[in-house]
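Inspection log for the structure reproduced underneath, given as structure tokens.
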Amino acid sequence: MIRHLINSYLEPKALVLMYHRIAAPGKDIWNLAVSPQNFEEQLQVLSQTGEVVPLHELAARAKEKRRRKRLIALSFDDGYIDNYETAKPLLEKHRLPATFFVTSCNLGTEREFWWDELENLILYSAHLPATFAMEVKGVLIKTDLGHEAEMSESLQHHHMHWKASHTSPTTRRSELFLALWAAMRVLPDSEIEELLQQVRDWTKSEVAHRPTYKSMSTGQLAELAKQELFDIGGHTKTHPALGHHSFDFQKDEMAANRDLLQELTGYRISLMAYPYGHYNAATLQAAEAASFDAAFTTEGRTINRQTHQHRIGRFQVSNMTGTEFTKTLLEWALT
Ligand SMILES: [Zn+2]
């Protein structure tokens with residue numbers, strides 16, 4: 001028993017890191033952006049470990065017996081343009097491999113992801129109508145914004161420092177945003193778009209096109225894919241919370257994304273990551289049926305021999321300095 005415990009403690013771990021954006025947007029309620037400076041510090045730490053391998057290699061070797069070395073792999077979700085413009089050159093500079101899990105619906109367009117646009121409309125619009133009422137799947141979302149209808153400096157400051165993943169909303173606007181986000185997230189993309197249009201109409205806004213919130217172009221994706229260090233993985237066509245949908249819907253989302261990415265890259269797409277890390281039993285079967293060799297969640301845990309090949313955990317890296325990152329990596333490796 002004790003020997004088993006010691007072995008499991010000493011056994012070199014395999015862990016996958018998850019990034020989304022390499023940028024300093026000034027507001028980041030989901031903790032998804034790492035600044036270019038902190039990212040470079042993190043890459044320096046990682047290159048000193050000598051443990052970073054391509055994700056497909058980690059997925060294949062994680063279950064090896066008598067592996068001597070700890071393994072780390074890097075992954076990026078969604079396909080934001082900064083992955084190409086900012087992450088790519090820094091990864092190349094440090095010669096570190098990475099896999100980019102790309103949602104295909106916005107590739108080569110000026111569109112933003114719905115969650116970014118919704119956040120900007122509700123939390124940062126200068127003027128909003130005082131009352132909001134919208135029915136989502138038979139449930140009425142209704143609020144009176146009171147004095148928050150007009151944006152103030154303190155309200156803006158408050159929203160810029162709010163972390164939706166850690167703290168409950170304390171303003172009417174942030175309450176409204178979170179209620180809408182939660183109600184919309186479970187829906188198929190076509191319904192999300194209809195509701196988002198209603199929000200745009202309510203705020204009297206056009207479709208948003210902030211250049212730093214768009215996805216890569218198809219040419220940028222192809223260029224990224226050609227680089228030996230990098231690999232492209234699936235992240236569905238429209239980024240649904242998969243576990244809320246039927247097996248067929250899930251498989252179609254995965255297959256449409258896979259086919260387009262295969263066409264753009266010219267190679268087989270063998271890995272995928274579940275949007276929002278959301279999945280159910282049907283998701284694991286759908287990923288296998290869509291011929292993905294391995295699939296990744298957002299549950300922060302290392303990989304061991306019992307890990308299901310279509311439910312591999314990842315650790316979300318936040319905007320931390322190299323020193324904080326070194327400490328956090330050690331903690332993760334012990335989980
Ligand atoms: Zn995603």
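Computed from a predicted structure; not experimentally measured.
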Taking 4.0 angstrom as the limit, do [X] and [Y] come out as a salt bridge?
X      : Y      : result
Arg314 : Asp77  : yes
Glu299 : Arg311 : no
Lys27  : Glu119 : no
Lys88  : Glu223 : yes
Lys142 : Glu135 : no

Open item on the list: For residues 187-217, which residue pairs pass the ring-ring contact (aromatic ring centres under 6.0 Å, His included) check, not counting sequence neighbours?
Closed with: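 For residues 187-217, and leaving out neighbouring residues, the ring-ring contact (aromatic ring centres under 6.0 Å, His included) pairs sorted by first residue read Phe132-Trp202.
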Open item on the list: Would you call the rings of Phe100 and Phe76 parallel, tilted or perpendicular, taking 30° and 60° as the class edges?
Closed with: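 Phe100 and Phe76: parallel rings.
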TODO: Answer yes or no: are there more than 12 heavy-atom neighbours, outside Lys163 itself, under 6.0 Å from its atom NZ?
DONE: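 Yes - once you tally the heavy atoms of other residues, nucleotides and ligands closer than 6.0 Å, there are more than 12.
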Open item on the list: So does Leu96 get a backbone contact from the side chain of His94, meaning a donor-acceptor N/O pair under 3.5 Å?
Closed with: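 No; judged by distance alone, with no hydrogens or angles, the pair does not exist.
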Task: Side-chain heavy atoms of His147 within contact of Leu155, under 4.5 Å - done: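 The answer is no; the side chains never approach within 4.5 Å.
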Task: Point-to-point distance, once rounded to the nearest 0.5 Å, from CZ of Arg21 to CD1 of Ile81 - done: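 Rounded to the nearest 0.5 Å, the CZ-CD1 separation comes to 10.5 Å.
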Task: Chi angles and distances behind the salt bridge (charged side-chain N to carboxylate O under 4.0 Å, His left out) call for Asp252, Lys237 - done: CA-CA 9 Å; Asp252 288 350; Lys237 183 182 169 198; over 6 Å; no
Do [X] and [Y] have ring centres separated by under 6.0 Å?
X      : Y      : answer
His239 : Trp115 : yes
Trp30  : Trp181 : yes
Phe296 : His310 : no

Task: Shortest non-hydrogen separation from Ala59 to Gln309 and the atoms involved - done: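 Minimum heavy-atom separation between Ala59 and Gln309: O-NE2, 3.5 Å.
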Open item on the list: Give me the atom names and distance for the closest heavy-atom approach of Ser168 to Trp162.
Closed with: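 That would be O-NE1, 3.7 Å.
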Task: side-chain hydrogen bond (donor to acceptor under 3.5 Å, both in side chains) against Arg111, all qualifying residues, sequence neighbours excluded - done: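 Asn106.
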- [ ] With sequence neighbours excluded, give me every salt bridge (charged side-chain N to carboxylate O under 4.0 Å, His left out) pair touching residues 42-56.
- [x]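 Listed by first then second residue: Glu51-Arg70.
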- [ ] Decide whether Thr171 and His158 meet the rule of one side-chain donor and one side-chain acceptor closer than 3.5 Å.
- [x]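 Their side chains do not contain a donor-acceptor pair, so the 3.5 Å distance test is not met.
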Open item on the list: Can you confirm if the NZ or CZ of Lys214 lies within 45° of the ring axis of Tyr80 and under 6.0 Å from the centre of its six-membered ring?
Closed with: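 No, Lys214 and Tyr80 do not form such a contact.
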